[in-house]
Amino acid sequence: MSNRSKKVLTTRRKREWGAGLLFVSPSVIAMACMVAYPLVLVLIYSFCKVALPKFDLKYIGFENIRKVLTSSQLPIVLKNTILWTFVSLFIRFVLGFASALILQVDFKGKTLFRIITLLPWTMPSIVAANLWRWIYNPDTGILNFLVKQINPAAATNWLGNSSTALMAVIISYSWMGFPYLMLMIVAGLQGIPKEYTEAARIDGANSIQVFFRITLPQLKGFLLILTLLEIISGFNSFDLIFTMTGGGPGVATETVGLNIYRMAFQNYDFGKASSMGILLLVLVMIGFVVYSLGQRRKARRWQG
Amino acid sequence: MKRNWVKWLCAVAVVGTLCTGMAIGASAEDKEVRVWLGSWWDGEVEWMTQKFAEDNPGYTLSIELQPIANYQDNATSAILGGSGPDVLSLDTLFLPAMMDQGLLQPLDDFAAENGLTEDKFVDTVYDAGRTEDALYAIPYRFTCTSLYYNKTMFDEAGIEYPTDDITIDGLCELSAQLTKDGKYGFGIAASKNDMANVMTSFVPFLWGEGGDFVNEDITAGTMSTPESIEGIKKWVGLYLDGSVPEGCINYAITADLFPLAMSGEIAMIPMGDSNIVKIDEFAQENGFEWGVCLHPGLVRAAGWSFTIPSSIEDRDGAETFIKWFMQPEILSMNNTVLPALKEAQNMGKWGDELYDIYKKQADQCKNAPQTPAWTQIQLIVTEELQNALSGSVSCEDAAAAMDERINEVLG
């Protein structure tokens, strides 16, 4: 290629790049405004006393972080958040996988089944929360009514008892979110070439072997992304808990998300709320880094 | 080459459109007065909008109804985000923290110029919007709770109706007597997602026994004094004895206790003026009789006030609306809330004897402590009360924990 042709090509590429950059610039600016700016602001707030209404800042060093870390409620709130996130993640995956696998089979009423399983996801969280409040109501709720038919002694105040309240809200949250996982897994399952399972069957593999040796490994990357999304969503969500128990009884269902919301918008302590947010961010990031390192080491071992 | 031109043209068009859109959006101007009211004002919007436009040419009224859930938080976010309304109505419980944070504008001059002075209002609600330095709120609603009772349930149990001189002990006894066959004598509200309701339910027991949340100069908690502990024990005792429904730990008054009272599951509940008409209509349709008497102890003085958020630069529209609505003949036209203006309390439907009990109860009520830390104190008290209700701790331990945490907040 002559020098002149190279020059023409370079100029054309530059022009194309220029136009491309101009096209993406609104998105880049929007992302910078919507993601980077708030993140930096939260970081700054966490080291300051924030005075409303103009958000005047006074640097106070690690005071907010010290207050958060020495709070007597922190261990309970962290424990609740971890349980809320991971137990609901497990239940959502089990329900999501089961429903998705059922939807892989052709049967009469499949459309109806799909509609019914999607219903919880389409319901606004405030409606779902009140529905579950009614189900768990110890005086008039359907759950206690059914339990009393079998064993009256087992009936309890599901949301009013410190030992059952968290599990009760976790079940409601899992119920609300599993259809999303089901949809995603259905999409993933449809992406697995049928030849793989057919070949495995010809080789004599049974359904369980096909599931664990073909289906799961094929969905691995896909499930990892879903897990990450669900963990992030679990750590941040609190609307259902807020409506069902408000974090009570006592602090039995109080989570980090709810705590941050309360600190910022009810106590007007944006500095402390930001510190709590940063703490949560750091915890999640440590979790992901440890997980990623583990995965990388595993992959190397496989390759080696 | 031609393609490149098209690409460049499109890119410039996209960026240009965005910029033009922003410029157009910023240039809008009008004389609209935006007012935030609670969702329960739904039935009043039409006449208010029409009458305001008739009486105030050049202005239009835009009422934005907000649900009570997260009301304060939504208001705060709107003010801080610069999209707050011209007039923001606030519960008296929200006022101390919002005044302290500089989210509201002083209204002293406006109140003095328009004769909206203390002597014309129920004093408790007027006090709630005032600090030592300034007045930040003009109250339009006064409310408190009286003791509703289902006469039919009392008749069936062969028990005499409660009277205005009923005591806290008397209430507890009646509740125990009326609780049988899956029905309950009384109802308490302890839901952590409606803490104002918890306070309404709890304070008659606390104040009735001579206890209080904090000392007079609001420097220390007083929940572990013998009087306060006695109040806590009596309130919690109702739950532990089974004289109130088991779900009360997560119940709010209007959302949960009121429907149970309507369906005849609970014989007595604290009831505000806004529900009394509903229960009257329901009782007539469903063939049961009801009555209302003074609530024992001291009840919480509650109310709603108009405020002007700090984000508002031009107060003209806001002041025009408040001045207009606070005229006794206009305020009394509303069918939703009992006016805080004494003159309006005897006008229109508010002159009906149905509301006499609330005017009488006004002498037996007081404000929650006027401190910016109230929201936190309320949370602490609710959490520890729930711990005592669920049996996790004793009433004494809950009281000690309340004081420890309140002192930390006040310290």
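Keep in mind that this is a model prediction, so the values were computed, not measured. Residue numbers start from 1 in every chain, and the chains themselves are labelled A, B, ... in the order their sequence lines are given, proteins ahead of strands.
- Atom CE of B/Met98 and atom CG of B/Leu90 lie 5.0 Å apart (nearest 0.5 Å).
- Between A/Leu83 and A/Ile170, the shortest heavy-atom contact is O-CD1, 3.7 Å.
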> When you look at A/Tyr268 and B/Thr375, which way does the side chain to side chain contact (heavy atoms under 4.5 Å, CB included) test go after all the steps?
Replying inline: CA-CA 10 Å; A/Tyr268 299 114; B/Thr375 317; 5.6 Å; no
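- Options A/Asn161, A/Asp269, A/Leu159 differ in how many heavy-atom pairs under 4.5 Å they form with chain B, and the most are formed by A/Leu159.
- For residues 235-247 of chain B, the interface with chain A (any heavy-atom pair closer than 4.5 Å) comprises B/Tyr239, B/Pro245, B/Glu246, B/Gly247, sorted by residue number.
- Within a 6.0 Å sphere centred on CD1 of A/Ile142, other residues, nucleotides and ligands contribute 12 heavy atoms or fewer.
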> Passes side chain to side chain contact (heavy atoms under 4.5 Å, CB included), A/Val50 versus A/Leu57? Steps please.
Replying inline: CA-CA 5 Å; A/Val50 184; A/Leu57 304 178; 3.8 Å; yes
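- In this structure, the portion of A/Tyr261 lying under 4.5 Å from any heavy atom of chain B is its side chain and not its backbone.
- The local environment of CE in A/Met167 is crowded, with over 12 non-hydrogen atoms from other residues, nucleotides or ligands closer than 6.0 Å.
- Relative ring orientation between A/Phe238 and A/Phe242 is described as perpendicular, the plane-to-plane angle rising above 60° on a 0-90° scale split at 30° and 60°.
- A/Gly250 approaches B/Gln386 most closely through the heavy-atom pair N-OE1, 2.9 Å.
- Counting heavy atoms from C-beta outward, B/Tyr136 and B/Gln105 have side chains that stay 4.5 Å or more apart.
- Nearest heavy atom pair, residue A/Thr253 against residue A/Gly248, reads OG1-O, 2.7 Å.
- Proximity to chain A is limited to the side chain of B/Leu379, based on heavy atoms less than 4.5 angstrom apart.
- Scanning residues 179-195 of chain B against chain A with a 4.5 Å non-hydrogen threshold yields B/Tyr184, B/Lys192, B/Asn193, B/Met195, sorted by number.
- Note: A/Thr245 OG1 to A/Glu254 CD = 8.0 Å, rounded to the nearest 0.5 Å.
- Contacts between residues 62-74 of chain A and chain B, defined by a heavy-atom separation under 4.5 Å, are made by A/Gln73.
- Interface with chain A: from residues 390-400 of chain B, residues B/Ser390, B/Ser392 qualify, criterion being any non-hydrogen pair under 4.5 Å.
- Minimum heavy-atom separation, A/Trp158 to A/Thr164: O-OG1, 2.8 Å.
- For B/Asn74 (side chain) and B/Asn70 (main-chain N/O), a donor-acceptor pair under 3.5 Å exists by modelled atom type.
- Here the closest heavy-atom approach between residue B/Asn150 and residue B/Ala261 is recorded as ND2-O, 4.4 Å.
- Looking only at side-chain heavy atoms (C-beta outward), B/Ile79 and B/Ser310 come within less than 4.5 Å of each other.
- Within the cation-pi definition used here (under 6.0 Å to the ring centroid, within 45° of the axis), A/Arg133 does not qualify as a partner of B/Tyr251.
- Distance CZ/A/Phe55 to CZ/A/Phe270: 4.5 Å, rounded to 0.5 Å.
- The two atoms that bring B/Trp36 and B/Ala78 nearest to each other are CH2-CB, 3.9 Å, heavy atoms only.
- Only the side chain of B/Asp256 has a heavy atom closer than 4.5 Å to any heavy atom of chain A.
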